[in-house]
Amino acid sequence: MSKRILITGSTDGIGLETAKLLISQGHQVLLHGRNSQKLESVVHQLKTEFPEGMFESYVADLSSMLQVKSLAQSVTARHETLDVLINNAGVFKAPNPITKSGLDLRFVVNTIAPWLLTKKLLTILPTDGRVINLSSAAQSTVDLEALAGKRKLNDGEAYAQSKLGITMCTRFLADKIGSDGPAIIAINPGSFLGSKMVKEAYGRKGKDLSIGAEILVRASISGEFASASGQYFDNDQGSFAQPHPDALDQEKITQLIEALDSLIDLG
């Protein structure tokens with residue numbers, strides 16, 4: 001059965017590879033990118049490989065909460081249902097990691113934006129739908145002062161904290177909606193895959209992107225993930241695994257969610 005799937009950050013890397021795999025299997029993919037020219041180039045490329053109607057595109061800068069809200073509005077205005085949301089877009093390193101509102105770009109794009117986008121799209125995600133949040137093997141305790149832009153972090157610290165943040169959001173939302181909404185799942189697609197982000201961060205080519213794309217496809221459509229809401233899948237191990245202890249700490253999760261909601265109008 002064909003599904004409609006939105007993938008953020010799908011103009012290159014794991015996002016684009018996942019999009020191609022899903023389209024080749026007959027699913028409709030909603031492509032998202034920050035740069036309109038790059039997005040148009042990807043659409044042109046896909047038109048040479050796949051039938052039109054199998055994909056459509058949306059432009060939004062996820063470092064702006066106004067644009068995140070606009071993205072959600074555009075999708076809901078065009079579609080009554082969305083089967084799967086893959087929150088793939090991520091940032092590790094940037095020339096200027098501080099947004100106009102004074103927040104760390106890694107927290108905004110990797111944690112706050114997917115949290116807000118998911119909440120805005122829940123109205124069109126069916127009970128058998130799925131939300132796939134891109135986590136990482138790199139997870140460390142979230143410094144709420146740094147999250148609020150009051151303390152600066154280096155690239156690695158900000159990235160690891162932002163990825164634990166989205167993993168904690170996964171657990172919170174899964175517990176909150178229970179069986180009344182889609183399955184919410186956190187996935188580490190694989191460490192040191194050959195994405196642009198890995199190349200910029202570590203100066204290495206990285207492993208085959210298909211490793212990450214294939215697990216995201218499985219998580220999106222296969223039965224093995226249908227009842228995995230709230231869980232964390234570590235593709236380095238090839239199995240479900242325990243996340244960082246903070247992702248199981250209800251008090252810390254609640255504190256994080258309150259902090260995220262207070263920052264939504266600033267991002």
Using 0.5 Å steps for rounding, measure from the [atom1] atom of [X] to the [atom2] atom of [Y].
X    : Y    : atom1 : atom2 : value
M65  : K69  : CE    : NZ    : 8.5 Å
L105 : K100 : CG    : NZ    : 12.5 Å
L173 : S229 : CG    : OG    : 8.0 Å
N110 : K163 : CG    : NZ    : 4.5 Å
T118 : L85  : OG1   : CG    : 4.5 Å
T254 : Q250 : OG1   : CD    : 4.5 Å

Assess, by modelled atom type and distance only, whether the side chains of [X] and [Y] contain a donor and an acceptor separated by less than 3.5 Å.
X    : Y    : answer
E56  : Y58  : yes
W115 : D261 : yes
T8   : N88  : no
N188 : N235 : no
H79  : R4   : yes
S135 : T167 : yes

Residue pair [X] / [Y], side-chain heavy-atom distance below 4.5 Å:
X    : Y    : result
E80  : I124 : no
T127 : D180 : no
I23  : H27  : no
L147 : L144 : yes

Problem set entry | Of V108, T111, L153, V91, the residue whose pairing with S162 passes side-chain contact (heavy atoms from CB on, under 4.5 Å) | T111
Can any side-chain N or O of [X] pair as donor or acceptor with the backbone N or O of [Y] at less than 3.5 Å?
X    : Y    : answer
R130 : A219 : yes
R34  : V59  : no
H32  : A60  : yes
S74  : S70  : yes
E157 : N154 : yes
R106 : F92  : yes
Q67  : D61  : yes

Exercise. So does E49 have more than 12 non-hydrogen atoms from other groups sitting under 6.0 Å from CD?
Worked result: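 Yes, the 6.0 Å shell around CD holds more than 12 heavy atoms from other groups.
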Problem set entry | Heavy-atom neighbours of K120 NZ exceed 12 at 6.0 Å |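 Open.
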For this session: Can you tell me which residue pairs pass the ring-ring contact (aromatic ring centres under 6.0 Å, His included) test with a partner in residues 208-253, sequence neighbours excluded?
Result: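 Qualifying pairs: F225-F233, F225-F240, F233-F240.
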Exercise. Do I7 and V43 belong to the same hydrophobic cluster, where Ile, Leu, Val, Met, Phe, Trp and Tyr are linked whenever their side-chain heavy atoms lie under 4.5 Å apart, directly or via other members?
Worked result: yes
Exercise. Taking 4.0 angstrom as the limit, do K152 and D104 come out as a salt bridge?
Worked result: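 No.
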For this session: Applying side-chain contact (heavy atoms from CB on, under 4.5 Å), run through L22 and L216 and close with a yes or a no.
Result: CA-CA 10 Å; L22 288 167; L216 293 185; over 6 Å; no
